[in-house]
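Scope of the values below: all heavy atoms of this structure, side chains included, with no hydrogens, waters or symmetry mates. We count residues from 1, following the sequence as given.
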Amino acid sequence: MDEQPFQTVNRLRKSGNLAEAWEVGCQAVQENSNDQFLKGAFFWVCYAYLKEVQNQIKSRADKRNGDRTPNAAELERINFLIDWIKWLDIPSGGYEYRSLLLTFQKNLESIPNLVLLLLRYSNNIFLDEDKQPFVNDNGESPSLMLKFARKVAKSWIQNESVRQLPVEDLCSLFIMTRLEAHDKQQLIWLDYDEAKCLIVAKRFEQARECALSVLRKKQTESWAWGALATTFREEDPSAAIVLFSKALCCAQDDVFALPTLKGIAPFLAAQGFTEEASMCVKRAVNCYVDNGWNIKSDLEQLMSQSWYDADASLESLEPFLEKHAAGALDYLFGEREQHAAVVQNVHASGKGFHAYYGKDKSISVRLGLYRSKKPPSPGDYVRLTVSKEDQSVIAAEPCDPVEIDDVGYQEGTLSVKDKGFGFVEDTFVPKTLASPEMDGQFVKVLRILDFDKTKSRHSWKALTIQVL
């Protein structure tokens, strides 16, 4: 029996005769454009040629610096093959588009036409396994789905051709990724990518919300403060100066501060701070010199500005930055208030605790916000800094005992019950504090007015106990 055209194309491809498979398939698929089997067979011929180009790119990258950006000839070849795949219009739901993503996942952002093609079918590309992060002893590596969303964001920022995609569609991809991907540690970077995309689209208010969600988790990171500063750059220059100043104050090394130094300098000059702008440029120049690097064209351009003073002294730059950075937290959390509290319990995970500062006023605190080398224990007094807007905890630190509503001491004789818990007068003592040998002893307890779920009422509960 004679072979069908698709069978011939498949046989030639599998036997390694790609050129002949292309020749036969190219003519046949144009003559039989409704033959889905033939289209599928020709897709895999295109895919095989794409893999050849990618292998060439990988081989070059492995020998050099790991950069997998295609050169002009490679990109032209890739685009030619992608145009054929677009013409084939293979329905989604198979392995075709997922295979393209797997092959080009490390340099997808450098191939705009492939980004746009995969975006068209992104709702049906991913298997369940593609939504799972890879977890090992070193932490969590992003899922394929999250990698794809981040690569698309990077390509959208860098390539005008990808920006034909409306930013609303891009945000829809981010929403889908947050809903379906099971990443936990890495999703913060998607918020950061979305903030940058929204800044490019001049959607500053939306960008600000994304930048704030990142910054509240990364308050010591210079780049996070820089992202928030950029959202104010056009609308509120004074706020931008405050936040850029904070970004520079957080930079541990001038190597990491270079983008901010070069970005803030012309901005400061435009606001009339020409001396400080010169200092930022000079500090960036010194960083290049100290590291033995050639000064880049963007920095040379700043050095050629009429406002630049090469003799500017750097001595007053730090005081200027610190003075302006002092107000940065107002933009991060808005108005703040402080509460004296007592540690009610430490979370079983050891990653936080609950702090009590009055009847029905107990709040969870991440351990990372607690400014002390010694971990907290129940009964320790702490001072909380809380956002007035949403009552989220900004910081916590140890403090001396102070008077707090519904917190106090009770002295009396401890009566231990058969089940292990006890009472001092009307104060309940949990079995974790009471012991049979303490029965009948005169004690002093620190207590709070806690809600008893079993009795549906408030009652006194001991946090610490001391035998007198």
Carboxylate-amine/guanidinium contact Arg178 Glu194, below 4.0 Å: yes
Value rounded to 0.5 Å, distance of SG in Cys249 from CZ in Phe244: 13.5 Å
Side chain to side chain donor-acceptor pair (under 3.5 Å) between Ser92 and Asn124, intermediate numbers included: CA-CA 6 Å; Ser92 61; Asn124 295 300; 3.2 Å; yes
Under 6.0 Å from the CZ atom of Phe451, do we count more than 12 heavy atoms belonging to anything else shown? yes
Looking at CG of Leu119 and CZ of Phe148, how far apart are the two atoms once the value is rounded to the nearest 0.5 Å? 4.5 Å
Quick one: does Val285's side chain get under 4.5 Å of Ile295's, heavy atoms only? yes
Salt-bridge present (Glu52, Arg77; N to O < 4.0 Å): no
Sidechain N-carboxylate O distance under 4.0 Å for Lys202, Glu235: no
May I have the step-by-step check of side chain to side chain contact (heavy atoms under 4.5 Å, CB included) for Gln164 and Leu116, ending in yes or no? CA-CA 9 Å; Gln164 65 183 270; Leu116 292 170; 3.5 Å; yes
Closest non-hydrogen atom pair, Ser110 against Thr69: OG-OG1, 3.9 Å
Answer whether the closest heavy-atom distance between the side chains of Tyr308 and Leu302 falls below 4.5 Å. no
Please determine whether the number of non-hydrogen atoms from other residues, nucleotides or ligands lying under 6.0 Å from atom CG of Asp89 exceeds 12. yes
Identify whether the distance between the nearest side-chain nitrogen and carboxylate oxygen of Glu96 and Lys39 falls below 4.0 Å. no
Does NZ or CZ of Arg447 fall inside the cone over Tyr409's six-membered ring, less than 6.0 Å from its centre and within 45° of the axis? no
Closest contact, heavy atoms only, Leu215 versus Ala224: CD1-CB, 3.5 Å
Judged by modelled atom types alone, do Gln186 and Glu140 share a side-chain donor-acceptor pair under 3.5 Å? no
Quick one: do Ser155 and Leu108 satisfy side chain to side chain contact (heavy atoms under 4.5 Å, CB included)? Show the steps, please. CA-CA 8 Å; Ser155 186; Leu108 178 64; over 6 Å; no
Heavy atoms of Leu243 and Phe232 approach each other most closely as CD1-CD1, 3.4 Å
Under 4.0 Å between a side-chain nitrogen and a carboxylate oxygen: does that hold for Arg283 and Asp254? yes
Using the ring centroid of each side chain, check whether Trp189 and Trp223 are separated by less than 6.0 Å. yes
Interatomic distance, Ser297 atom OG to Met303 atom CE [nearest 0.5 angstrom]: 12.5 Å
For Phe126, is the NZ or CZ atom of Arg98 found under 6.0 angstrom from the centre of its six-membered ring and inside 45 degrees of the ring axis? no
Starting at CG of Leu179, measure out to CZ of Phe174 and round the result to the nearest 0.5 Å. 13.5 Å
With a 6.0 Å cut-off (strictly less than), is the heavy-atom count around CD of Gln391, excluding the residue itself, greater than 12? yes
Over all atoms of both residues, closest heavy-atom pair of Asn345 and Pro378: CA-CG, 4.4 Å
Looking at Asn294, I want to see if its CG is surrounded by more than 12 non-hydrogen atoms of other residues, nucleotides or ligands under 6.0 Å. no
Are Ser59 and Asn55 close enough, and set up right, to give a side chain to side chain contact (heavy atoms under 4.5 Å, CB included), and what steps lead you there? CA-CA 6 Å; Ser59 178; Asn55 288 338; over 6 Å; no
Can you tell whether the side chains of Asp193 and Lys154 come within less than 4.0 Å, N to carboxylate O? no
Between Lys131 and Glu180, does a salt bridge (Lys or Arg N to Asp or Glu O under 4.0 Å) hold up when you go through it step by step? CA-CA 7 Å; Lys131 302 173 184 180; Glu180 297 185 17; 2.9 Å; yes
Look at the aromatic rings of His339 and Tyr357 and report parallel, tilted or perpendicular, splitting at 30° and 60°. parallel
Tell me if a side-chain donor or acceptor on Arg208 pairs with a main-chain N or O of Thr231 at a distance below 3.5 Å. yes
Might you confirm whether atom CD of Gln158 has over 12 heavy atoms from other residues, nucleotides or ligands at distances under 6.0 Å? yes
Quick check against the 3.5 Å criterion: does Trp225 have a side-chain atom that pairs as donor or acceptor with the backbone of Gln219? yes
What distance do Leu384 atom CG and Ser392 atom OG have between them, rounded to the nearest 0.5 Å? 11.5 Å
How about Lys359 and Asp405: do any of their side-chain heavy atoms sit closer than 4.5 Å? no
Walk me through it: do Ser161 and Asn159 pass the test side chain to side chain donor-acceptor pair (under 3.5 Å)? CA-CA 5 Å; Ser161 59; Asn159 300 287; 5.3 Å; no
Shortest non-hydrogen separation from Pro91 to Tyr97 and the atoms involved: O-CE1, 4.0 Å
Just checking Lys106: does its NZ atom have more than 12 heavy atoms from other residues, nucleotides or ligands closer to it than 6.0 angstrom? no
Taking atom CD as the centre, does Glu76 end up with more than 12 heavy-atom neighbours from other residues, nucleotides or ligands that are less than 6.0 angstrom away? no
Kindly determine whether Thr103 and Gln54 satisfy side chain to side chain donor-acceptor pair (under 3.5 Å), including the steps that lead there. CA-CA 8 Å; Thr103 298; Gln54 182 72 321; over 6 Å; no
So Asp128 and Gln132, side chain to side chain contact (heavy atoms under 4.5 Å, CB included) or not? Walk me through it. CA-CA 7 Å; Asp128 287 343; Gln132 299 289 342; 5.9 Å; no
Establish, yes or no, whether a centroid distance under 6.0 Å links the rings of Phe43 and Trp84. no
How many angstroms lie between SG in Cys280 and CD in Glu275, if you round to the nearest 0.5 Å? 11.0 Å
Hey, are the side chains of Leu114 and Ile78 touching, using non-hydrogen atoms and a 4.5 Å cut-off? no
Would you say that Arg366 contacts Lys351 through its side chain, given a criterion of any heavy-atom pair below 4.5 Å between the two side chains? no
Could you check if a side-chain atom of Val242 sits within less than 4.5 angstrom of a side-chain atom of Asp330, using non-hydrogen atoms only? no
Shortest non-hydrogen separation from Ala312 to Ser278 and the atoms involved: CB-CB, 3.9 Å
With side chains defined as the heavy atoms from C-beta onward, is the minimum distance between Tyr370 and Glu397 less than 4.5 Å? no
Can you tell whether the side chains of Glu109 and Lys147 come within less than 4.0 Å, N to carboxylate O? no
Quick check on Phe204: does its CZ atom have over 12 non-hydrogen neighbours (other residues, nucleotides or ligands) under 6.0 Å away? yes
Heavy-atom check, side chain of Ile363 versus side chain of Tyr356, under 4.5 Å: no
